[in-house]
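Structure record follows, encoded as structure tokens.
By convention in this document, chain letters (A, B, ...) are assigned in the order of the sequence lines, proteins followed by strands, and residues within each chain are numbered from 1. Keep in mind that the numbers below use all heavy atoms, side chains included, and drop hydrogens, waters and symmetry copies.
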Number of protein chains: 2
Amino acid sequence: MKPNDILQQHEVKKTLSRIALIKALQTSEQPLSENEIRDRMLDQYDRITFYRNVQTLSESGILHRIVIDNTHVKYALNCCEKEHHHAIDHVHFYCKECGKTVCLDEVPVQQYPLPDGFKLDECDVVIKGYCKDCPGNHNA
Amino acid sequence: MKPNDILQQHEVKKTLSRIALIKALQTSEQPLSENEIRDRMLDQYDRITFYRNVQTLSESGILHRIVIDNTHVKYALNCCEKEHHHAIDHVHFYCKECGKTVCLDEVPVQQYPLPDGFKLDECDVVIKGYCKDCPGNHNA
DNA sequence: GTAATTAATGAAACAATGTTTCAACTAAAG
DNA sequence: CTTTAGTTGAAACATTGTTTCATTAATTAC
Ligand SMILES: [Mn+2]
Ligand SMILES: [Mn+2]
Ligand SMILES: [Zn+2]
Ligand SMILES: [Zn+2]
């Protein structure tokens, strides 16, 4: 789907930096870090604008943030089908060796019991391990 | 259990700043942020030492870090019973209104299917919502 | 208890991620 | 084309965390 159409469909203004951001994410099968996106946006990249657009586009349901840990954050386009506003309903995988991150779109987060009176809003699940391209025999 | 005994049992040096850190965490039922710990450590607090001790004590199984998101991290003592080295086997809850964080020690993280060849190392589950003391009627 | 050894501490400087303010600019609507 | 409301980018700042290295404290050997 074309960046222009995605923006129009979600009713946010079509600007050059947003189009470049969406294009950058479309060049990859996997979620990307800010630096990986910067490298793909070339001169259309500005840090402040990037962070603002991440917020706007994530609120409008175009993309989602994946917090691996406090120092690693990835960004991915949402599946075109789903238009949830901020609910990430699937699990994420992170390879501790190569850093590759995968949206496991087919793996829904499970329901966990909460103490009485507690209300659930969202549930983040990040699985860390080693992808099939990485041996990861770190203790063998 | 006394800080001194905890440190001895896990075979790390008994220093003033480590004892003060453990004491600080023991004053609270819930996980604490760095600032909340600082306020409880008074003049025994130093940022660099704090971060180094968090690393050492977490590697030795005395405490664990809870990454709520990239800007909110909490710290909690491990249950005395369990001596897992870095495996957090339980789910965490975070109240979006008051920031209170709860170790749901009785709620184990569930098993999720991974793509072929992928190896699991750890799985972080953070549930965000509203605790029983917070209405959280943010859209009602 | 004292000396020797080994690890921990704290100052300074830095790094990564993200935010706020505000003037200039651009996209969308009329 | 003009207006207007939203977007951009510069500067400065905030938070979380690390690295280096000289000094200091904790443990071990005597
Ligand atoms: Mn995803
Ligand atoms: Mn916990
Ligand atoms: Zn890998
Ligand atoms: Zn609350």
Check the phosphate of D/dA25 against B/Thr15, side-chain N and O only, distance under 4.0 Å to OP1 or OP2. Yes or no? no
Is the distance from OP1 or OP2 of C/dT9 to the nearest side-chain N or O of B/Asn53 less than 4.0 Å? yes
What's the CG-P distance between A/Leu7 and D/dT7, to the nearest Å? 11 Å
Tell me if the side-chain of B/Arg52 makes a donor-acceptor pair with the base of C/dG10, cut-off 3.5 Å, by modelled atom types. yes
Length of the line joining B/Asp46:CG and C/dA8:C1', which is rounded to integer Å: 11 Å
Could you check whether any side-chain heavy atom of B/Ile62 comes within less than 4.5 Å of a side-chain heavy atom of B/Arg18, counting everything from C-beta outward? no
Just how far is it from atom NZ of A/Lys23 to atom CG of A/Leu77, taken to the nearest 0.5 Å? 13.5 Å
Does B/Tyr51 have a side-chain nitrogen or oxygen under 4.0 Å from the phosphate oxygens OP1 or OP2 of D/dG17? yes
Less than 4.0 angstrom between a side-chain N/O of A/Tyr75 and OP1 or OP2 of C/dG18, yes or no? yes
Please state how far atom CD1 in A/Ile68 lies from atom P in C/dT17, giving the value in whole angstrom units. 12 Å
Base of D/dG17, side chain of B/Arg65 - is there a donor-acceptor contact under 3.5 Å? no
Atom CD1 of A/Ile19 and atom P of D/dT7: how far apart are they, to the nearest Å? 13 Å
Give a yes-or-no answer on whether the side chains of A/Tyr75 and A/Glu36 include a donor-acceptor pair shorter than 3.5 Å. no
Please figure out whether B/Gln55 or A/Leu16 has its closest DNA chain D nucleotide nearer the 5' end. A/Leu16
For D/dG17, does either OP1 or OP2 sit under 4.0 Å from a side-chain N or O belonging to A/Asn70? yes
At under 4.0 Å between heavy atoms, what does B/Thr56 touch on the DNA or RNA strands: base, sugar-phosphate, or nothing? nothing
5'-most contact on DNA chain D: A/Lys13 or B/Asn35, nearest heavy atom basis? A/Lys13
Looking only at side-chain atoms of A/Glu34, point me to the closest of C/dG18, D/dT8, C/dT19. C/dG18
Would you mind checking if A/Asp133 and A/Lys100 are paired as a salt bridge, meaning a charged N to carboxylate O distance below 4.0 Å? yes
How close or far is atom C1' of C/dT6 from atom CD of B/Glu11, stated in whole angstroms? 16 Å
Is A/Arg18 touching bases, backbone alone, or none of the nucleic acid, heavy atoms closer than 4.0 Å? sugar-phosphate
Charged N to carboxylate O under 4.0 angstrom, A/Lys132 versus B/Asp116? no
Inter-end axis angle, the helix from C/dG1-D/dC30 to C/dA27-D/dT4, with every axis fitted to five base pairs (rounded, 10 degrees): 40°
Could you tell me the separation between the NZ atom of A/Lys14 and the P atom of C/dA29, rounded to a whole number of Å? 8 Å
Evaluate B/Phe93 against B/Thr101 for side-chain contact (heavy atoms from CB on, under 4.5 Å), listing each step before the verdict. CA-CA 6 Å; B/Phe93 177 89; B/Thr101 303; over 6 Å; no
Distance col, row B/Asp124:CG vs B/Ile66:CD1, nearest 0.5 angstrom, shows 10.0 Å
Taking N and O atoms by type only, does the side chain of B/Arg47 place a donor or acceptor under 3.5 Å from a partner on the base of C/dG10? no
Can you confirm if the aromatic rings of B/Tyr130 and A/Phe118 lie within a centre distance of less than 6.0 Å? no
Length of the CZ-P vector between B/Phe50 and C/dA8, whole Å: 17 Å
Looking only at side-chain N and O atoms, does A/Thr71 come under 4.0 Å of OP1 or OP2 in C/dA16? no
Write down the distance between CG (A/Leu32) and P (C/dT17), rounded to a whole number of angstrom. 14 Å
From C-beta outward on A/Ile48, which listed nucleotide comes closest to its side chain: D/dT27, D/dA11, D/dT16? D/dA11
